Amino acid sequence: MFVSRNRLITGCTALLVAGVLAACSDQSPSAVAPSPQSPSFTEITPLDATSVSTLWDFADILISGQPGPVDAGPSVVVPQTDLGAIVAFTTLTSQHVTVKGGDLPLDETERGLGICQTVGGATCTVFAGTGDQGDEVGDTGPGTLILNFDGVQPTGSIVTSISLGSVQDGEGYVYSISTDCGMSFGTPIEATGDGSNNSIVDIPINLPAACLQIKFEKDGTSQIGKDDYTIRSATTEFTPAPELLQGRMTGGGVKATGTAGGSEVPVTLGLTLHCDITLSNNLEVNWTGHQWHLTKPITTASCSNQDNDAPPPASPIDTFEGTAFGSLDGVGGSLITFNFQDHGEPGSGDMIELTIYNGGTTSSGVALQVPLQNLNIGNFQMHFDQPHGQKP
C-alpha cells in the first residue's frame, strides 16, 4: 500500500448541491440518501523523490464511508485542501454525475464516478431496472463524462494518471484529451479490458493540469448495457521549486587561463557577487589588452550547494552560476556567463568557467572563453549574506 499520510477535509460533501442529492442502491430503489461524511486527503509516494504526488480518490472525497450510488447533479466539484479542485460534469441535460463505493477499500473496483440518465432533468432516483438506471459511464447507452483539471493547485501540477474500475473482460472504454480548456479534443482513444473480470485499468496521462480536460465515453460499437465502467481516481504530481539559497561570493587576485582570438591568454579577475541580484555587485575580468567590467545588476543568479564543502566561515552555498551585462573595452552591452565554485582553502580546489561575448547575445561572437578549470592562483570565498542569510 503506497499511502503515506492522510489528513481530514471538512465540508466537501456540501458542494454536492442541496436538493440534488438522492441515494439509490443497485439492490433497493427506495434507499435513503446516506448522511455526509468527512472524506480524507490522501497523498501517495511520488515517482520523483523531489515531487509530491496526490491521489484524488473521488468516492472517498465525495461520500466517504457511504455506499451510494448518489446523484451529484450535472456537475460536481471534487476539492482537496490547499490543492484546488477537479470538476466532473456531463454534457447532456438528460445526464447527471453519480458517485458510489465510498464504503469500499481503495483497491476495490466498484467505486468512483459514473453517469445516470434523468427523466425530464429531474434527479436520478432509481439506478436499476428503469429508464433512468445507471451508476457507471455507459450503463444506459452513450454518455459523456468530463474531468476538468484546470483548478488543480499548485500551479505547475501535472496529471500523471487516471484509474478506471469495473472494466469487464473485453469491455471497451473511450477517452479523449483537450489541452485548450475544452475548446477541442484530440482523437478518441479506444481500449478494452485486459481479460480479467471487474478489472482496474490505469491510464497514463502525464500532461499539465492547466486547461486540461479529459472526456470519457462508452465504446459506441458495443451494445447498450455493456461496457460500463467507473472513474475511480486521478493522480496529480507537483515538483516544488528548489529552495533559493542566499549567499555572497568574493574573490581577489584570481588567475586562470583562457582563450581569446585563437590564442591562450592569462586571465585575472576580482569580484563581489550576491545571490540576491537586487544588491550591489562587482565583477571585473582582465586579459591581454582587454578589460570587461560589470555595469548593471547581474541578470540571473543560481546559487547551489553541490558538494557541501565550502570552507569556514560556514556558508549555505559553494557554487555561483549567473549571467550579466557589462562594458567590454569601454563599450557597453557585452554578455557574460559564469560559473564560480568554492571548494576549499587556500583555493586549490576552487574552479572557474566563464564566457564573454562581443555583444549582448551568445551569437554575437566570443571575446574570451575560460573553460571549466581549477584556479591557477587565488581563491573564491563564499559567505553568508547578512541579513539575507542566517548562520546555523
Side-chain angles (χ1 to χ4, degrees), residues 1-13 15 38-62 64 75-89 99 102 106-107 111-113 145-165 175-183 185-186 189 200-216 230-246 275 300-306 316-317 321:
M1 187 73 172
F2 47 67
V3 176
S4 62
R5 70 182 176 94
N6 294 278
R7 54 177 171 157
L8 198 61
I9 296 180
T10 59
C12 291
T13 51
L15 290 162
S38 296
S40 62
F41 165 95
T42 306
E43 185 177 285
I44 68 174
T45 304
L47 300 177
D48 182 342
T50 64
S51 65
V52 177
S53 188
T54 301
L55 178 68
W56 299 75
D57 181 353
F58 300 127
D60 189 47
I61 292 173
L62 294 174
S64 178
S75 67
V76 60
V77 178
V78 185
Q80 297 216 58
T81 301
D82 300 328
L83 295 171
I86 297 170
V87 178
F89 63 96
V99 57
L106 180 63
D107 58 356
R111 61 198 309 277
L113 303 178
L145 192 152
I146 296 177
L147 298 181
N148 183 352
F149 293 93
D150 193 47
V152 171
Q153 296 295 321
T155 301
S157 294
I158 64 171
V159 179
T160 56
S161 64
I162 294 176
S163 177
L164 306 182
Y175 67 97
S176 52
I177 295 174
S178 169
T179 57
D180 57 6
C181 297
M183 298 294 291
F185 284 84
I189 301 170
I200 292 172
V201 176
D202 292 318
I203 303 172
I205 303 298
N206 296 318
L207 290 170
C211 255
L212 178 67
Q213 294 189 17
I214 302 180
K215 180 194 301 182
F216 291 91
T230 61
I231 303 175
R232 300 175 65 254
S233 63
T235 304
T236 61
E237 188 172 292
F238 172 70
T239 303
E243 180 184 2
L244 296 178
L245 300 176
Q246 295 294 344
C275 299
T300 65
S302 175
C303 294
S304 59
N305 195 357
Q306 294 189 57
I317 58 177
E321 298 177 80

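Everything numeric here is computed off the predicted structure, so don't read it as measured data.
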* **Check: T236 and I158 side chains under 4.5 Å, non-hydrogen atoms** => no
* Asked: Just by distance, with hydrogens left out, do T235 and W56 show a side-chain donor and acceptor under 3.5 Å apart?
  -> no
* Asked: Could you go step by step and tell me if L212 and I205 meet the side-chain contact (heavy atoms from CB on, under 4.5 Å) rule?
  -> CA-CA 10 Å; L212 178 67; I205 303 298; 4.3 Å; yes
* For the student: nearest non-hydrogen atoms of I231 and F58, plus distance -> O-CD1, 3.3 Å
* Just checking, any donor-acceptor pair under 3.5 angstrom between side chains of E237 and S51? -> yes
* So do the side chains of R232 and D57 get within less than 4.5 Å of each other, counting heavy atoms only? -> no
* V76 vs V99 side-chain heavy atoms within contact, under 4.5 Å -> no
* Where is the tightest heavy-atom contact between V77 and L62, given as atom of each residue plus distance? -> O-CD2, 3.8 Å
* Structure fact -> Interatomic distance, SG@C211 vs CG@D180, rounded to 0.5 Å, equals 7.0 Å
* With distance as the sole test, does S157 use its side chain to make a donor-acceptor pair with the main-chain N or O of P154 at under 3.5 Å? -> yes
* Asked: Do T230 and L113 have side-chain heavy atoms sitting under 4.5 Å apart?
  -> no
* Side chain to side chain, L164 and F216, heavy atoms closer than 4.5 Å -> yes
* Structure fact -> One should read off an interatomic distance between I146 CD1 and S75 OG, to the nearest 0.5 angstrom, of 11.5 Å
* Asked: When rounded to the nearest 0.5 angstrom, what is the spacing between OG in S233 and CG in L106?
  -> 6.5 Å
* Please tell me if the side chains of I61 and P79 come closer than 4.5 Å, counting only heavy atoms from C-beta onward. => yes
* To do: Would you give the length of the straight line joining atom CD1 of I203 to atom CD1 of I214, rounded to the nearest 0.5 angstrom?
  => 8.0 Å
* **Step-by-step side-chain contact (heavy atoms from CB on, under 4.5 Å) determination, I86 to N148** => CA-CA 6 Å; I86 297 170; N148 183 352; 5.9 Å; no
* For S163 and D202, does a side-chain donor sit closer than 3.5 Å to a side-chain acceptor? -> yes
* Asked: What are the two closest heavy atoms between G112 and A59, and how far apart are they?
  -> N-CB, 4.0 Å
* Asked: Would a distance-only check, ignoring hydrogens and angles, find a side-chain to backbone donor-acceptor pair under 3.5 Å from Q213 to F185?
  -> no
* To do: Answer yes or no: is there a donor N or O on one side and an acceptor on the other, between the side chain of S302 and the main chain of E321, under 3.5 Å?
  => no
* Nearest atoms (heavy-atom pairs only) where G186 meets S176 -> O-CB, 3.6 Å
* Asked: Tell me, do L147 and Y175 make a side-chain contact under 4.5 Å, heavy atoms counted?
  -> no
